[in-house]
Amino acid sequence: MSTKEVTNSQFREFLGNHDSGKFGGESLNEADQPVASVSWFESVLYCNWLSRRDGLEKFYLIKHGKLFGINAEANGYRLPTEAEWEALSRPKSKQSLSIFPWGSDYPPPQNTGNFADKSSSNDRVKKLEDYDDSFAVASPVGSFQKNINDLYDMAGNTSEWVHDFYEHQPPTVTSYNYFGPANGKSRTVKGS
């Protein structure tokens, strides 16, 4: 798994005219901000582009602009599964995973990540009033301390696609190579 979210700069190597847009009047287009306003399918195309760039076998099988399968044995880039994302986003105690990426207490401690807080420029969202990350919108990737698994921004910044179709009640799985249900109406989003 990548240690940081994909930046606008990185994504624009693949799709030069990508526009992450604005939120609350603030730009999400800075080169070091995480890419936003990307569909699940665009994320899949980016994974295949990275695979081709690095000489790896593509994970996603695409024909005529449509996904028709996966190659689970491929060594190319892919989106993490929901099980992988969950396991890598939260610290483990000897008994179980924590509830949140920062632990099991709410609200998050200061300097945990980028959240909708009192520095947010948008008054239409519910905010953490006692938290201040000093960013009106998305922060540059890696602005906060990495987690125990050496991954940044698992507790905030932008939402992230995972491979799986959405399931109302995800199954309890013991294997991280579970790619979720074979079909569904929408894909799963994790993170902020």
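In this structure, CG in Asn48 is found 12.0 Å from OH in Tyr77, a value given to the nearest 0.5 Å. With rounding to the nearest 0.5 angstrom, the CG atom of Leu45 is 7.5 Å from the OG atom of Ser39. Rounding to the nearest 0.5 angstrom, the gap separating the CD atom in Glu82 from the NZ atom in Lys190 is 4.0 Å. Here OG of Ser186 is found 11.0 Å from CD of Glu167. Values are rounded to the nearest 0.5 Å. Put simply, CG on Asp164 and OG1 on Thr188 are 5.5 Å apart, with the number rounded to the nearest 0.5 Å. For the atom pair CG (Asp54) and CZ (Arg52), the distance works out to 11.0 Å, reported to the nearest 0.5 Å.
A 4.5 Å side-chain heavy-atom check between Phe144 and Asn114 finds at least one atom pair inside the cut-off. Within the 4.5 Å cutoff, the side chain of Pro108 has heavy atoms near those of the Tyr106 side chain.
Taking the six-membered ring for Trp and thresholds of 30 and 60 degrees, Tyr46 and Phe11 have ring planes inclined between 30 and 60 degrees apart.
Note: the hydrophobic cluster containing Trp40 also contains Phe179 (ILVMFWY, side chain heavy atoms under 4.5 Å, direct or indirect links). Note on Phe41: it clusters hydrophobically with Ile70, by side-chain heavy-atom contacts below 4.5 Å among ILVMFWY residues. By the criterion of side-chain heavy atoms lying less than 4.5 angstrom apart, applied directly or through intervening Ile, Leu, Val, Met, Phe, Trp or Tyr residues, Phe100 is not grouped with Met154; the two fall into different hydrophobic clusters. By the criterion of side-chain heavy atoms lying less than 4.5 angstrom apart, applied directly or through intervening Ile, Leu, Val, Met, Phe, Trp or Tyr residues, Val189 is not grouped with Met1; the two fall into different hydrophobic clusters. There is no path of hydrophobic side-chain contacts, each under 4.5 Å, that joins Leu67 to Val162.
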Output side-chain donor-acceptor pairs under 3.5 Å for residues 56-66, partner residues at least two apart or in another chain, one line each.
unit_1 : atom_1 : unit_2 : atom_2 : d
Glu57  : OE2    : Asn71  : ND2    : 2.9
Tyr60  : OH     : Leu79  : N      : 3.1
Tyr60  : OH     : His163 : ND1    : 3.2

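For Ser119 (side chain) and Phe135 (main-chain N/O), a donor-acceptor pair under 3.5 Å exists by modelled atom type. Formation of a donor-acceptor pair under 3.5 Å by the Ser9 side chain with backbone atoms of Asp32 is not found in this model. Panel note: side chain Asp153, backbone Gly156; no donor-acceptor pair is recorded below 3.5 Å. Although no hydrogens or angles enter the test, the distance criterion places a donor-acceptor pair under 3.5 Å between the side chain of Trp161 and the main chain of Val38. In this structure a side-chain-to-backbone donor-acceptor pair under 3.5 Å is present from Asn147 to Asn149. Glu5 places no side-chain N or O within 3.5 Å of a backbone atom of Pro140 that could act as its donor or acceptor partner. At distances below 3.5 Å, at least one donor-acceptor pair connects side-chain atoms of Ser37 with backbone N or O atoms of Ser20. At least one donor-acceptor pair closer than 3.5 Å links the side chain of Tyr131 to the backbone N or O of Gly113.
For the pair Asp117 and Lys127, the tightest heavy-atom approach, listed with the atom from each and the gap, is O-CD, 3.3 Å.
Taking the six-membered ring wherever Trp is involved, the centroid distance between the rings of Trp102 and Phe115 falls below 6.0 Å.
In summary, the side chains of Asp19 and Asn29 do present a donor paired with an acceptor at a separation below 3.5 Å, with no hydrogens or angles considered.
Hydrophobic clustering, defined by side-chain heavy atoms of Ile, Leu, Val, Met, Phe, Trp and Tyr closer than 4.5 Å, leaves Phe165 isolated from every other such residue.
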